[in-house]
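Read through the structure below, which is laid out as structure tokens, and then see the notes.
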Protein chains: 2
Amino acid sequence: MTQVRPMRADARRNYERLLKAAAEAFAEHGENASLDDIAKRAGVGSGTLYRHFPTRQALLEAAYVDRIEALGLRADEIARELPPGEALIEWLYEVCVGTIEVRGLKTLLGSAVTDGSSAAVTACGTFMKDAAGRLVGAAQKEGTLRPDLEPVDVLRLAHGISTASELADGRGAHIRRYLLLLTEGLRP
Amino acid sequence: MTQVRPMRADARRNYERLLKAAAEAFAEHGENASLDDIAKRAGVGSGTLYRHFPTRQALLEAAYVDRIEALGLRADEIARELPPGEALIEWLYEVCVGTIEVRGLKTLLGSAVTDGSSAAVTACGTFMKDAAGRLVGAAQKEGTLRPDLEPVDVLRLAHGISTASELADGRGAHIRRYLLLLTEGLRP
DNA sequence: ACCTGAACACCGTTCAAGT
DNA sequence: ACCTGAACACCGTTCAAGT
């Protein structure tokens, strides 16, 4: 994850400026914010952006890797506060809220749990699958979760719930409702 | 739905050429196919495309309105073949398959069930909600579906299942599995 | 009434020249 | 080693001129 060789001082400075500018731009204009605009905000040439982040995905991941890590930590925090089954649901709720609130985070998480996703997002994909795996394992041990569920399935379904909730107003109440429907099933 | 005043012969010809070219281009390059390319394929000026279809959404809807209608008809066909609860699931499966196979159809159906969607897609939104409503109503009457479910909820959840399945390989087996998890719930 | 296509604005990407 | 920004290609959208 960390650099093999330390960056030159000006390179490191530009890298950080780009990250800050990218986070701002993504927040303002969504995940399709103009890369040229991001370079301008950061006060660097467009070529410099490409040097540091060869693809938009790479920039997206770098801009949100800390949010991913925060979500991973939340999994264990929640696990200490609630019984396994409830903990998983609560964590999925927070994942959904996060991916809806922070534009771009959803795309990143989506490609992270995509079958055959690129190596660039494998790192945060593994991180999320591990976090989900701990909650899934505990709930299955407790007997409140289907034993045939893989962590990646749960993450994909949460992504789907986010999408469905966004079609409604995307607010917490709808996320809770659709998550409940998923956990309890559509039968009466 | 139909034109108030008949189009001039050349206008009608261009309209149909544009629709054919759009369907081809969307099939080849996805929902973001170049509008300029579509105009070129159709052998018309780009201004003509904008005259007939002021927005990309409008073109998308026009190109796939027949597919939407086919899905609506399938709802009633399936209702004659299967008991209500199974019919709904089978129909949702076909909706998911269709939205994954035909790129652009998913976007269209998504915006059709979006809260506060534009008037342009209200027509096919109403059509789909009516079709879903008939299956939902029958299943609720039968007692195999939660009584608090609205047709639009079911359509949004199906959209979410499509998204989740696409993150896997997007093939039928995954759609069936994720639909089953939704209907039966995540509990053992 | 409708069509054409040039013109404009904007964006992504590359790369020669510079430090 | 890294940065700059001009240059190129491409796309969406508008609109004056044409039929």
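The structure presented is a predicted model; accordingly, all values stated were derived computationally and were not measured. The chains referred to below are lettered A, B, ... by the order of the sequence lines, with proteins before strands, and numbering in each begins at 1.
In summary, contact between chain A and DNA chain C, defined as any nucleotide atom under 4.0 Å from a heavy atom of the protein, begins and ends at C:dC11 to C:dC15 in the 5' to 3' direction.
For the pair B:Asp76/B:Leu135, no side-chain contact is recorded, criterion being any heavy-atom separation below 4.5 Å from C-beta on. A 4.5 Å side-chain heavy-atom check between B:Leu105 and B:Phe26 finds every atom pair outside the cut-off. Here the side chains of B:Ser34 and B:His29 are not in contact, with every heavy-atom distance at 4.5 Å or above. Looking only at side-chain heavy atoms (C-beta outward), B:Ile161 and A:Leu157 come within less than 4.5 Å of each other.
With a 3.5 Å ceiling on both atom-pair distances, the Watson-Crick or G-U wobble partner of C:dT4 is D:dA16. Pairing of C:dC10, defined by two Watson-Crick or G-U wobble distances under 3.5 Å, is not identified with any nucleotide.
Between A:Gly45 and A:Arg8, the one whose closest nucleotide on DNA chain D sits nearer the 5' end is A:Arg8. A residue-by-residue look at A:Arg56 and B:Val44 shows that B:Val44 has its nearest nucleotide of DNA chain C further toward the 5' end.
Ion pairing between a basic and an acidic side chain is recognised when a charged N comes within 4.0 Å of a carboxylate O; A:Arg41 and A:Asp37 show such pairing.
The environment of CZ in A:Arg171 is sparse: at most 12 heavy-atom neighbours from other residues, nucleotides or ligands sit within 6.0 Å.
Residue B:Asn14 is in sugar-phosphate contact alone, with no base atom involved, counting any heavy-atom pair closer than 4.0 Å across all strands shown. Note on A:Ser34: only backbone sugar-phosphate atoms sit closer than 4.0 angstrom, heavy atoms only; bases stay farther off.
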